[in-house]
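Here the structure comes first, spelled out in structure tokens, and everything after it is commentary.
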2 protein chains.
Amino acid sequence: MIGRLNHVAIATADVAAASKVYAEALGAEVSDPVDLPEHGVRVVFVTLPNTKVELLEPLGPGSPITAFLERNPAGGLHHVCYEVGDIRAAAAQLVASGARVLGDGEPKIGAHGKPVLFIHPKDMGGVLTEIEEV
Amino acid sequence: MIGRLNHVAIATADVAAASKVYAEALGAEVSDPVDLPEHGVRVVFVTLPNTKVELLEPLGPGSPITAFLERNPAGGLHHVCYEVGDIRAAAAQLVASGARVLGDGEPKIGAHGKPVLFIHPKDMGGVLTEIEEV
């Protein structure tokens with residue numbers, strides 16, 4: 001049921017600085033920063049042959065990653081995202097197995113314009129985990 | 001120069017418990033636990049269509065992930081690993097760009113039997129980053 005690792009999201013105070021090592025030292029394909037005000041983040045996409053790394057910087061006062069960066073001033077992994085075919089079926093199976101789906105369990109439209117849900121980190125080895133319907 | 005995301009490594013106190021959600025709720029292909037005593041870890045490999053997740057549990061008294069789990073008792077992302085074609089060239093370019101390669105800069109043989117190096121998390125958006133020559 002689980003599909004590809006869609007992306008690894010790294011929260012950092014400064015995406016321009018963080019993307020420099022990827023571009024200059026590792027020779028990665030790195031986008032210009034993209035502002036997503038409706039999601040409260042500025043994103044740099046690092047395209048790898050098999051997946052993406054998303055470098056996230058807080059944008060605006062209500063950014064969902066501000067609290068994370070207060071706890072982790074040097075930045076760090078914010079979440080991983082796996083693709084699923086049917087997000088409601090995936091959520092039902094997660095809940096049936098005892099995992100906690102965050103929020104009201106209703107999929108929201110994520111930063112890629114597709115339905116997403118988040119699974120509680122304590123049920124995923126300590127890692128906040130997003131599932132995205134593709 | 002940078003290649004595929006080879007794996008995402010998640011450190012957890014109990015790989016059997018952590019792998020259960022991947023196998024039962026997400027329907028992922030999950031290996032039996034594999035003991036790697038020379039690396040001080042027990043590993044469960046979660047195979048996705050495009051990459052791997054490695055769930056790591058400390059093995060033995062000198063495990064390299066014991067201190068991480070003391071700081072993060074609920075577990076968490078330990079490192080990400082990118083593939084490179086020539087690890088010495090990659091290390092030289094990282095150092096030239098101001099990134100810190102950990103240890104003495106000499107590649108070691110990693111858990112997959114291939115040369116690896118680690119880059120300081122502070123130079124990679126807060127995420128400990130492994131490069132592996134493939």
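The model shown is predicted, which means the values in this text are computed figures rather than measured ones. Residue numbering restarts at 1 for every chain, and letters A, B, ... go by the order of the sequence lines.
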>> Are there over 12 heavy-atom neighbours, none belonging to A/Lys20, within less than 6.0 Å of that residue's NZ?
In response: no
>> Assigning hydrophobic clusters by single linkage (Ile, Leu, Val, Met, Phe, Trp, Tyr; side-chain heavy-atom cutoff under 4.5 Å), is B/Val30 placed with A/Ile2?
In response: yes
> Which heavy-atom pair separates A/Gly125 from B/Ala18 by the least distance, and what is that distance?
Replying inline: CA-CB, 4.4 Å
> Where do B/Ala25 and A/Leu94 come nearest, in terms of heavy atoms and distance?
Replying inline: CB-CD2, 3.6 Å
> Out of curiosity, B/Met124 CE to A/Thr12 OG1, how far, rounded to the nearest 0.5 Å?
Replying inline: 11.0 Å
> What about B/Leu48 and A/Ile87, same hydrophobic cluster or not, with Ile/Leu/Val/Met/Phe/Trp/Tyr joined at side-chain heavy-atom distances under 4.5 Å?
Replying inline: yes
>> Report which part of B/Ala13 has an atom under 4.5 Å of a heavy atom belonging to chain A: side chain, backbone, both, or neither.
In response: neither
>> Can you give me the closest heavy-atom contact between B/Ala99 and A/Val21, atom names plus distance?
In response: CB-CG1, 4.4 Å
> Roughly how far apart are A/Tyr22 OH and B/Thr129 OG1, rounded to 0.5 Å?
Replying inline: 5.0 Å
> Under a 4.5 Å side-chain heavy-atom rule over Ile, Leu, Val, Met, Phe, Trp and Tyr, are A/Ile131 and B/Leu55 clustered together?
Replying inline: yes
>> Minimum heavy-atom separation for A/Gln93 and B/Glu24, please, with both atom names.
In response: NE2-O, 3.4 Å
> In terms of heavy-atom proximity below 4.5 Å to chain B, should A/Ala96 be classed as side chain, backbone, both, or neither?
Replying inline: neither
>> Under a 4.5 Å cutoff for heavy-atom pairs, which residue among A/Ala28, A/Pro49, A/Gly27, A/Ser97 has the most contacts with chain B?
In response: A/Pro49
For residues 68-78 of chain B, which side-chain N or O atoms pair as donor and acceptor with protein atoms under 3.5 Å away, sequence neighbours left out?
from, atom 1, to, atom 2, distance (Å)
B/Asn72, ND2, B/Phe68, O, 2.9

> Given a strict heavy-atom distance threshold of 4.5 Å, which part of B/Val53 is in contact with chain A: side chain, backbone, both, or neither?
Replying inline: side chain
> Which region of B/Leu26, side chain (C-beta onward) or backbone (N, CA, C, O), has a non-hydrogen atom less than 4.5 Å from a non-hydrogen atom of chain A, or is it both or neither?
Replying inline: both
>> Is it the case that the side chain of A/Asn50 and the backbone of B/Arg4 share a donor-acceptor pair, with hydrogens and angles ignored and the cut-off at 3.5 Å?
In response: no
